[in-house]
Amino acid sequence: MHPEPSVLHPEPVEGATAGFDELSPHLPYSFVPCVSLQGRLGRTGVITTPHGTIRTPAFVAVGTKATVKAVLPESVAALGAQAVLANAYHLYLQPGADVIDAAGGLGRFMNWPGPTFTDSGGFQVMSLGVGFKKMLAMNSDGVEDDDVIAEGKTRLARVDEDGVTFTSHLDGSQHRFTPEISMQIQHELGADIIFAFDECTTLLNTRDYQERSVARTHRWAARCLAEHQRLTRDGKPPHHQALFAVVQGAEYQDLRRQAARDLVSLMIDDSGFAGYGIGGALEKHNLGTIVRWVCEELPEDKPRHLLGISEPNDIFTAIENGVDTFDCVAPSRVARNAAVYTVRGRFNVNTAPSRRNFSPIDEDCDCYTCTRYTQAYLHHLFKAREMLASTLCTIHNERFIVRLVDDIRASIEAGRFFDFKIDFLGRYYGSSPNR
RNA sequence: GGCAGGUUGCCCGAGCGGCCAAAGGGAGCGGUCUGUAAAAUCGUCGGCUGAAGCCUACGUUGGUUCGAAUCCAACACCUGCCA
């Protein structure tokens, strides 16, 4: 049943740096699971896209506005990232999906030859709307009062059954997203993997609201699938994009399982979703449980993408429970704010102990930054507010997470995942950064 | 030499009789960041203390006052303008 190892282990990074002309733009999308994690839902696998393959589990670097902030695409490839995820809402507002379409698609526009993802903009409904002021709901029984306005903040998104009305955070103009519009935008953007337009709730919403929201997300998923198929059929030029649905349901087992089952059974003309995203509200300590509930309901032959997770312990938990790919802004955002990962935990390089420390961030790291620069230099760059600080630390953090996931994949293949997990997490959380 | 203005905590800078250990910046010190509204944000920031409290502080010295960074005098230094 499993393909030959050579098929399972292509060289995605080399493919990603080969340039556009050497790539076949017509490779069909596929996912092939490979080695399973004994007794758990985790596995390795390979996702094939028109722009190259992704060996899973894989960390997808986030490049919201068609750039991994502060870093050249060549560096993103060199540090081993296999794919980049951009955002439909942000690119729709600026520069406009039509511009990216005219440029030849997201990958060409941003000079990233490898696989690309776009998020639907569903998360922005939450971050610009309901979640805009979490305290707001603390003295009520849920975030449902659309008329409540928190001091100093303006609600920029409102949900209704048909879609979402946004106020642009850039210029205040009004915009409308529906499942159909999100699909049209994402088809114009042209990423290899796109996400259904979902509603992302918060833990502050009531159970009743979560139920209604999951139901709505499902109706939206059906509309996304229909529109995606129409665009795939009628769009010009023909696209080869894979649509992932997003499983919501907050922390309720029945909602999560039902949401997953409903999405799996959703078929139009014998075809359903190419993969599944797991999103939404959850507390950190429930991550593994929730991911397991969902993945138990999902088919083995479809990839699962966990949206927005990347702390080391979360990565192990997610992968162990069946996640194949995941993305997160944390490695790059945190890097721009001077926090860096090491095998012995995270620390801030802009603090006093690094001022005269002439060793790298992490002696064990093979990244561009650690093989060339000292903590003292990075400390100086942050203090001097030089932008190279962001660049170098982003490269380090992205490399750290990519490498961690590479190591996890290798440990699954070698049948020693659990040993590696105990060893890594013991060092990461059990000791203080060595500096 | 004359006239005018000034001297505040590590730096800049408000305060102009009590509510002043002294606004606000900056620097320093520490934290946070999970589908990016982020090169963001929060805390701390004279000393001793958990706290109450005490001590030391607004150029120097002396004075007025129940009470002075704030009023007065002398001195020191700085800055303008006029000789």
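Chain A is the first sequence line, chain B the second, and so forth, proteins listed ahead of strands; every chain is numbered from 1. Here the structure is a predicted model, which is why all the values come from computation and not from measurement.
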Charged tip of A/Arg399 within 45° of A/Tyr368 ring normal and under 6.0 Å:
no
Which nucleotide wins on minimum distance to the side chain of A/Asn337, given the candidates B/G35, B/A39, B/G30?
B/A39
Checking all strands, does A/Leu306 fall into the base, sugar-phosphate, or nothing category for heavy-atom contacts under 4.0 angstrom?
nothing
Taking only side-chain N and O atoms of A/Gln124, does any of them lie within less than 4.0 angstrom of OP1 or OP2 on B/U36?
yes
Just compare B/G35, B/C33, B/U34 and give me whichever is closest to any side-chain atom of A/Asp314.
B/U34
Could you check how far CG of A/Leu282 sits from P of B/G35, rounded to whole Å?
11 Å
What integer number of Å spans the P atoms of B/G26 and B/U41?
11 Å
Using whole Å, report how far NE2 of A/His305 lies from C1' of B/U34.
12 Å
Would you indicate what A/Asp198 reaches in the nucleic acid, counting non-hydrogen atoms under 4.0 angstrom: base, sugar-phosphate, or nothing?
base
Report which part of the nucleic acid A/Lys284 touches: base, sugar-phosphate, or nothing (heavy-atom distance under 4.0 Å, all strands).
base
Would you mind pulling out the nucleotide paired to B/G1, Watson-Crick or G-U wobble, both distances under 3.5 Å?
B/C82
List in chain and number order the residues that pass side chain to side chain donor-acceptor pair (under 3.5 Å) with A/Thr317, two or more places apart in sequence or in another chain; answer none if no residue qualifies.
none
Looking only at the side chain of A/Ser120 (C-beta and beyond, no hydrogens), which of the listed nucleotides B/G30, B/A37, B/G35 gets closest?
B/G35
Let me know the distance between CG of A/Asn348 and P of B/U32, rounded to the nearest Å.
7 Å
Look through every strand shown and name the nucleotide pairing with B/U65 as Watson-Crick or G-U wobble, where both distances are under 3.5 Å.
none
Have a look at A/Ser310 and say if it touches a base, only the backbone sugar-phosphate, or nothing, with a 4.0 Å heavy-atom cut-off.
base
Check: A/Phe358 ring centroid to A/Tyr377 ring centroid under 6.0 Å:
no
Side chain of A/Val246: nearest nucleotide among B/G35, B/A39, B/A37?
B/G35
Of all the choices, B/G35, B/A40, B/A37, which nucleotide is nearest to the side chain of A/Val329 once you look at every atom?
B/G35
Is any side-chain heavy atom of A/Leu404 less than 4.5 Å from a side-chain heavy atom of A/Pro312?
yes
State yes or no: are the ring centers of A/Tyr89 and A/His169 separated by less than 6.0 Å?
yes
Rounded to whole Å, how long is the line connecting atom CD1 of A/Ile315 with atom P of B/G35?
13 Å
Looking at B/C33, B/G31, B/U36, which one has an atom nearest to any side-chain atom of A/Arg336?
B/U36
Regarding A/Ala339, tell me which of base, sugar-phosphate or nothing describes its non-hydrogen contacts under 4.0 Å with the strands shown.
base
In Watson-Crick or G-U wobble terms, both distances under 3.5 Å, what is the partner of B/A40?
B/U32
For a quick check of understanding: with a heavy-atom distance under 4.0 Å over all strands, which category does A/Asn87 fall into, base, sugar-phosphate or nothing?
sugar-phosphate
Consider the side chain of A/Arg333, meaning its heavy atoms from C-beta on, and name the nucleotide among B/U36, B/G30, B/G35 that approaches it most closely.
B/U36
Rounded to the nearest angstrom, tell me the gap between atom NE2 in A/His169 and atom C1' in B/A40.
14 Å
Side-chain contact check for A/Val334: nearest option of B/C33, B/A27, B/G30 is B/C33
Taking donor-acceptor contacts at under 3.5 Å, does the side chain of A/Ser332 reach the base of B/U36?
yes
Check every strand shown and say whether A/Gly280 touches a base, only sugar-phosphate, or nothing at a heavy-atom separation below 4.0 Å.
base
Looking for any heavy atom pair under 4.0 Å, which part of the strands does A/Gln94 touch: base, sugar-phosphate only, or nothing?
nothing
So which nucleotide from B/U34, B/G30, B/U36 ends up closest to the side chain of A/Ala330?
B/U34
So, do A/Phe244 and A/Phe195 have ring centers that fall under 6.0 Å from each other?
yes
Given side chain to side chain donor-acceptor pair (under 3.5 Å), test A/Asn87 with A/Gln124 step by step and report yes or no.
CA-CA 9 Å; A/Asn87 184 279; A/Gln124 278 63 38; 3.0 Å; yes
What is the distance, to the nearest angstrom, from the CZ atom on A/Phe382 to the C1' atom on B/C33?
13 Å
Name the nucleic acid region contacted by A/Asp327, choosing base, sugar-phosphate or nothing; use a 4.0 angstrom heavy-atom cut-off, strictly under.
sugar-phosphate
Within the 3.5 Å criterion, strictly below it, is a donor on A/Glu227 or A/Gln184 matched to an acceptor on the partner's side chain?
yes
What is the distance, to the nearest angstrom, from the CG atom on A/Asn350 to the P atom on B/G28?
9 Å
By the 4.0 Å heavy-atom rule, please label A/Arg346 as base, sugar-phosphate, or nothing.
base
What is the base-pairing partner of B/C77, counting Watson-Crick and G-U wobble geometry with both distances under 3.5 Å?
B/G6
Which whole-number value in Å describes the distance from A/Lys69 NZ to B/C33 P?
19 Å
Can you tell me the Watson-Crick or wobble partner of B/A23, both distances under 3.5 angstrom?
none
Could you tell me whether A/Lys383 contacts a base, only the sugar-phosphate backbone, or nothing, with contacts defined as non-hydrogen atoms closer than 4.0 Å?
sugar-phosphate
